[in-house]
Structures are given as structure tokens and as C-alpha cells.
Amino acid sequence: MKIATWNINGVKARIDNLLAWLEESQPDIACLQEIKSVDENFPRLEIEALGYHVETHGQKGFNGVAILSKLRFDEVNRRLPGDETDEQSRFIEGVFSTSAGALRVVSLYLPNGNPVGTEKFPYKLGWMERLERWTAGRLALEEPLVLAGDYNVIAKPIDAKNPSAWVDDALFQPETREAFRRLEWLGMTDAIRAVTDEQLFTFWDYQAGAWQKDNGIRIDHLLLSPEAGRHLSSAAVEKHVRAWEKPSDHVPVAIDLALEAAA
DNA sequence: ATGGTTGCTCGGCAA
């Protein structure tokens with residue numbers, strides 16, 4: 001079963017790329033971030049025509065996440081618990097029936113947190129604390145769990161072409177990196193790092209020729225519970241998508257799990 | 001380089 005995550009930076013601007021990518025990559029489950037659309041305007045008909053079920057959690061103008069799945073959703077949960085006042089659409093969980101029992105897949109768009117020194121940074125850290133608590137609860141179920149999305153976290157210096165350029169950025173603060181490590185300490189595995197130590201990027205800024213200079217960062221991650229990680233057979237960044245016409249500034253990251261949809 | 005580019009929405013924010 002192929003599970004992918006992609007920050008598409010606007011579903012309206014990216015619909016042609018999204019449909020082309022779905023046909024080429026053929027993910028069984030696709031987690032999207034920054035759909036920048038309300039649910040009513042999400043182009044579900046075109047996507048359903050390719051054989052996907054569609055669940056969204058959007059808002060006007062910014063943020064917004066979605067899960068597309070060739071498997072039927074058994075359950076859908078929107079919003080990360082822990083702060084009833086949080087109005088930003090950044091979290092959706094789908095539950096699916098597989099050969100290994102219930103599979104839980106989350107599409108998350110973790111707050112950017114810039115600039116550090118404003119209320120945006122503590123919002124990011126608070127969101128990461130809520131995610132840690134939620135994940136601890138799900139891990140107690142001892143089920144396959146995939147947390148996929150744009151984490152806005154540069155976990156290690158190797159995950160940036162120029163780490164020194166990011167030292168004042170929320171994505172690379174010690175508190176940010178520690179909060180990410182706490183998710184790993186809970187028992188979650190960074191799928192890419194389970195298969196390779198090489199330098200890989202998932203985001204290149206639109207500005208200053210970042211793509212042409214390969215000045216990128218790796219901030220889109222799939223974290224796996226032990227029960228998901230034991231089925232991991234491959235993980236890869238689909239870098240070529242960044243060279244398409246009218247690209248997102250992020251590219252898809254995909255894993256294969258040796259699991260099948262329940263009969 | 002206190003710049004640069006894109007999306008959403010048509011001024012200014014978010015990234």
C-alpha cells in the first residue's frame with residue numbers, strides 16, 4: 001500500500017498538477033496540505049473520477065488539509081484535540097481496514113511559527129505538544145499509524161542545504177527540533193531516515209532561484225508507529241514534480257507498506 | 001541582498 005504526503009500550496013492553482021500526479025504516482029492514500037479552500041469548493045468530482053474517496057478539512061484562504069483514498073474511510077476525525085479555541089484547519093485523520101487491522105493515517109499541516117518572537121512561535125510549540133499527547137494516546141492502541149504532512153521542522157542540519165541560513169527561523173529552533181525528537185522518542189520512526197542517510201529535500205522556496213541552486217530543506221515527513229514501521233518496504237521523495245509547470249514549492253513524499261486493503 | 005516569488009483575493013498577509 002502506497003501512502004503519500006504533499007503540500008500542494010492551493011488546490012485551485014494546482015488541480016492540473018494534482019490530477020497528473022495521482023495518475024502517475026498512483027498512491028492508495030494521499031495526504032494533502034495547504035489546500036487553501038473551503039470544503040464546498042474542493043474539486044472532489046475530478047478526484048473521485050480517478051477512483052478516490054475524498055475527505056477534507058478546509059478553511060477560507062489559508063491552511064486546510066485533505067485525505068484522498070482508494071480505500072473506503074471507516075472513520076474520519078477532524079481537528080487536533082487540546083485547544084477548543086484553535087480555529088485553524090491543520091489536522092484530519094482517516095481510519096481504514098487492512099490486512100494488518102485498522103490503519104490510521106493523519107494529514108497534518110504543522111504551524112510555520114515565523115517570525116520567532118511573535119505569538120506564532122508559541123502557537124507552533126503548543127500545537128506540537130498537543131500532537132505529542134494525541135500521538136501517545138494513539139500509540140497505546142498498538143495499531144499501524146502514519147502521521148504524514150508538512151511538519152515545518154528541519155530536524156537536523158543535514159536536512160538543509162545551508163543550515164546556517166535557518167538558525168533564526170522557527171523551522172530550525174532548538175525547541176522545534178526537540179519537540180520533533182519527542183515524537184520520535186515516543187516510538188515514531190521518520191520513514192525516510194529508516195531507509196537512507198542521504199541529504200534529501202522536499203521544499204524549495206519560489207524566491208531567489210532556490211530550486212535552480214538546489215537550495216532546499218526537508219520538512220515534509222511521514223512518522224510511523226512500530227506497527228506501521230514493521231511493514232515499511234520503501235520511502236522516497238518524488239523530486240521531479242518540482243520541475244513541472246506551475247509547481248508547488250513542496251514535492252510529494254511516499255512510502256510503501258507491505259499491507260493490503262481488507263478483503 | 002531587510003531582497004526575492006507565489007497564492008488567495010484584489011490590499012495585504014502568509015509562506
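Below, chain A is the first sequence line, B the second, and so on; all start at residue 1.
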**Q.** Identified salt bridge (charged side-chain N to carboxylate O under 4.0 Å, His left out) partner of A:Arg182 from the options A:Glu132, A:Glu175, A:Glu129
**A.** A:Glu132
**Q.** Separation of B:dA14 P from A:Phe121 CZ (nearest whole Å)
**A.** 17 Å
Q) Can you tell me how far P in B:dG7 sits from the matching atom in B:dG3, rounded to whole Å? A) 22 Å
Q: Output yes when at least one side-chain N/O atom of A:Lys246 is less than 4.0 Å from OP1 or OP2 of B:dG7, else no.
A: yes
(Q) With side chain to side chain donor-acceptor pair (under 3.5 Å) as the criterion, how do A:Thr5 and A:Gln33 come out once you've worked through the C-alpha distance, each side chain's angles and the decisive distance to 0.1 Å? (A) CA-CA 8 Å; A:Thr5 181; A:Gln33 301 85 40; 2.9 Å; yes
Q. Are A:Phe172 and A:Tyr123 connected, step by step, through hydrophobic side chains (Ile, Leu, Val, Met, Phe, Trp, Tyr) whose heavy atoms are closer than 4.5 Å?
A. no
Q) With rounding to whole Å, what would you report as the distance between B:dA15 and B:dG4 at their C1' atoms? A) 13 Å
Q) Under 4.0 Å between a side-chain N or O of A:Arg14 and OP1 or OP2 of B:dT6? A) no
(Q) From the set B:dA15, B:dC8, B:dT5, return the single nucleotide nearest to any side-chain atom of A:Tyr206. (A) B:dT5
Q) Residues in ring-ring contact (aromatic ring centres under 6.0 Å, His included) with A:His250, at least two apart? A) A:Phe203
Q) If we take the C1' atom in both B:dC10 and B:dT6, what is their distance in whole Å? A) 15 Å
Q. Given that A:Asp205 and A:Ala13 both sit by DNA chain B, which one's nearest nucleotide is further toward the 5' end?
A. A:Asp205
Q.
Rounded to whole Å, please give me the gap between NZ in A:Lys213 and C1' in B:dA1.
A. 10 Å
Q) Whole-Å distance between B:dG3 P and A:Gln207 CD? A) 12 Å
Q. Are A:Asp159 and A:Arg177 close enough for a salt bridge, meaning some N to O gap below 4.0 Å?
A. no
Q.
I need the CG-C1' distance between A:Asn9 and B:dT6, as an integer number of Å.
A. 7 Å
Q.
What is the separation between atom CG on A:Asn215 and atom C1' on B:dA1, rounded to the nearest whole Å?
A. 14 Å
**Q.** Protein-nucleotide distance (A:Lys60, atom NZ; B:dC13, atom P), rounded to Å
**A.** 16 Å
Q: Considering just the side-chain nitrogens and oxygens of A:Lys120, establish if one lies under 4.0 Å of OP1 or OP2 belonging to B:dA14.
A: yes
Q. Which is true for A:Tyr109 with a 4.0 Å heavy-atom rule: it touches a base, it touches only sugar-phosphate, or it touches nothing?
A. sugar-phosphate
**Q.** Rounded distance in Å - CD1 (A:Ile217) to P (B:dA15)
**A.** 13 Å
Q: Take the protein atom CG of A:Asn114 and the nucleotide atom C1' of B:dT2, then report the distance between them rounded to whole Å.
A: 15 Å
